[in-house]
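Beneath this line is the structure, given in structure tokens, with notes to follow.
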Amino acid sequence: MLDFAIIGGGPAGLTAGLYATRGGLANVTMFEKGLPGGQITQSSEIENYPGQLEVVTGLDLMEKWPEQCQRFGLKHNMNEITKISKNNDIFNITLVNGETVESKCVLIATGSVPKSSNIKGESDFFGRGVSTCATCDGFFYKGKDVAVIGGGDTAVEEAIFLANICKTVYIVHRRDKFRASPHEVEKLNKHKNIIQILNHTTEEIIGDASGVTGIIVKSKDTNETKTLDVLGAFIFVGRDVLNQTLQNEDGSFICDTNESGEVIVDLKMRTSLSGLFAAGDIRIDAPKQVVCAAGDGAMAGISAIAYLQ
Ligand code: FAD
Ligand code: NAP
């Protein structure tokens, strides 16, 4: 029987583990299906984590977090969790191999994954020219032309990253103004090999047996279409929260969520189900920042201690 089970090993889960173990909980396990660190490990440049003067990669930023947590006794179980349920005040955590683990309280900190754009050709060419990770796949397009689809912080930042590797980067956004912060847009504007295709929708990603060969974009002003000859299409159109572990058989959730499936919490990261906490990108109104996810995690760790007392 665990005191506290943490599902997800990103900034939220790791910080919750640090605070819970350092605060005196003896039996705390973090379940993480991959390497700890979370989605930020896919980012090429972080410059807004407090106290971090140098611009670092996400991998560098997260490198020492697991070691610091383990120092205070956090255990890491490298398994995917498929279901969380509660019976008679005890939570049952189901692992992907069917095994179950019991815990007195639980934190869900599973974060989010890239949203699908539903653009024609996206799924056909996924992994064959279509990517959602510039840090992982950018190098394959060294000296070549690529497109980035989206207009948020991720699209703009990753376009800048790709501009340092690729010959030309087209950034295609469906509106005439980027959603990304002005500071990022200012940086984007300085890159001569980034061509901004604003107020255009992406109609189709085209290709052949070798992979992507281009994308077809359509002007919202004139309805004219044109083909951009690119070998890579990087799609950054937002993220979906990973809440499937909280779903009952009938599709309802074990705790309250909003219309986007984000978990509703109070200021102590408590959900509507007693003993279940949520932290980081999965919760309502998350600012989707590493520092905020870590802050949520700290609060959840402290709340778990209070709950068990
Ligand atoms: P995540 O980081 O998503 O971690 C969740 C973890 O849970 C993952 O490791 C996942 O493998 C694991 N998991 C999921 N489901 C299961 C399961 N069923 N069983 C077991 N494990 C599971 N923020 C900034 O502050 N500054 C930036 O510059 C910045 N740049 C970004 C650039 C990119 C490309 C991206 C994608 C994000 C960026 N962000 C940035 C946002 C930041 O990464 C997130 O806000 C933050 O990582 C959220 O942390 P989290 O712990 O809530 O979730
Ligand atoms: P986002 O902010 O939700 O932006 C998604 C972008 O994709 C928007 O510009 C949106 O267009 C566009 N879009 C959505 N669906 C589309 C579709 N089907 N086809 C084409 N375009 C589509 O997502 P994000 O950029 O991934 O960022 C997620 C969160 O993480 C944000 O809160 C962001 O601030 C944060 N983040 C922060 C940093 C940082 O701090 N440096 C870095 C990365 C991410 P519209 O604009 O028209 O809606």
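Position 1 is the first residue of the sequence; numbering continues from there. Worth saying up front: this structure is predicted, and the values here are computed from it rather than measured. Just follow the structure's listing: the first ligand is 1, and inside any ligand the first atom is 1.
Taking a 4.0 Å cut-off on heavy atoms, N79 registers as neighbouring ligand 1. In this structure, Q244 does not count as a contact residue of ligand 1, since none of its heavy atoms falls inside 4.0 Å of the ligand.
Listed by atom number, the atoms of ligand 2 under 4.0 Å from N48 heavy atoms are 39 (C), 40 (O), 41 (N). Taking every non-hydrogen atom of G280 and a distance limit under 4.0 Å, the qualifying atoms of ligand 1 come out as 52 (O). Within ligand 2, counting atoms from 1 as listed, the ones closer than 4.0 Å to a heavy atom of F236 are 7 (O). Every atom of ligand 2 with a heavy atom of E157 under 4.0 Å away is listed here by number and element: 38 (C), 39 (C), 41 (N), 42 (C).
Geometrically, ligand 1 and Q42 share no nitrogen or oxygen pair separated by less than 3.5 Å. Here's the thing with L35: none of its N/O atoms is less than 3.5 angstrom from an N/O atom of ligand 1. Residue contacts with ligand 1: E32 is placed with a nitrogen or oxygen under 3.5 Å of a nitrogen or oxygen of the ligand (distance criterion only). Considering backbone and side-chain atoms alike, G34 places every N or O at 3.5 Å or more from each N or O of ligand 1. Between A12 and ligand 1, an N or O atom pair is found at a separation short of 3.5 Å.
The parts of K288 lying near ligand 2 are both backbone and side chain, judged by heavy-atom distances below 4.0 Å. Heavy atoms of T154 found under 4.0 angstrom from ligand 1 belong exclusively to the side chain. The parts of T110 lying near ligand 1 are both backbone and side chain, judged by heavy-atom distances below 4.0 Å. The proximity of A134 to ligand 1, defined as any non-hydrogen pair under 4.0 Å, does not occur for either the backbone or the side chain. Under 4.0 Å from ligand 1, not a single heavy atom of E47 appears. With a 4.0 Å cut-off on non-hydrogen atoms, K115 does not touch ligand 2 at all.
Salt bridge annotation for R283-D296: present, with a cationic side-chain nitrogen under 4.0 angstrom from a carboxylate oxygen. A salt bridge links K104 with D3: the closest approach of a Lys/Arg side-chain nitrogen to an acidic carboxylate oxygen falls below 4.0 angstrom.
Between P36, G10, P11, it is P11 that holds the heavy atom closest to atom 49 (O) of ligand 1. Among G8, P50, A109, the residue whose heavy atom sits closest to atom 5 (C) of ligand 1 is A109. Here atom 46 (C) of ligand 1 lies nearest to D281 when heavy atoms of T82, D281, V291 are compared.
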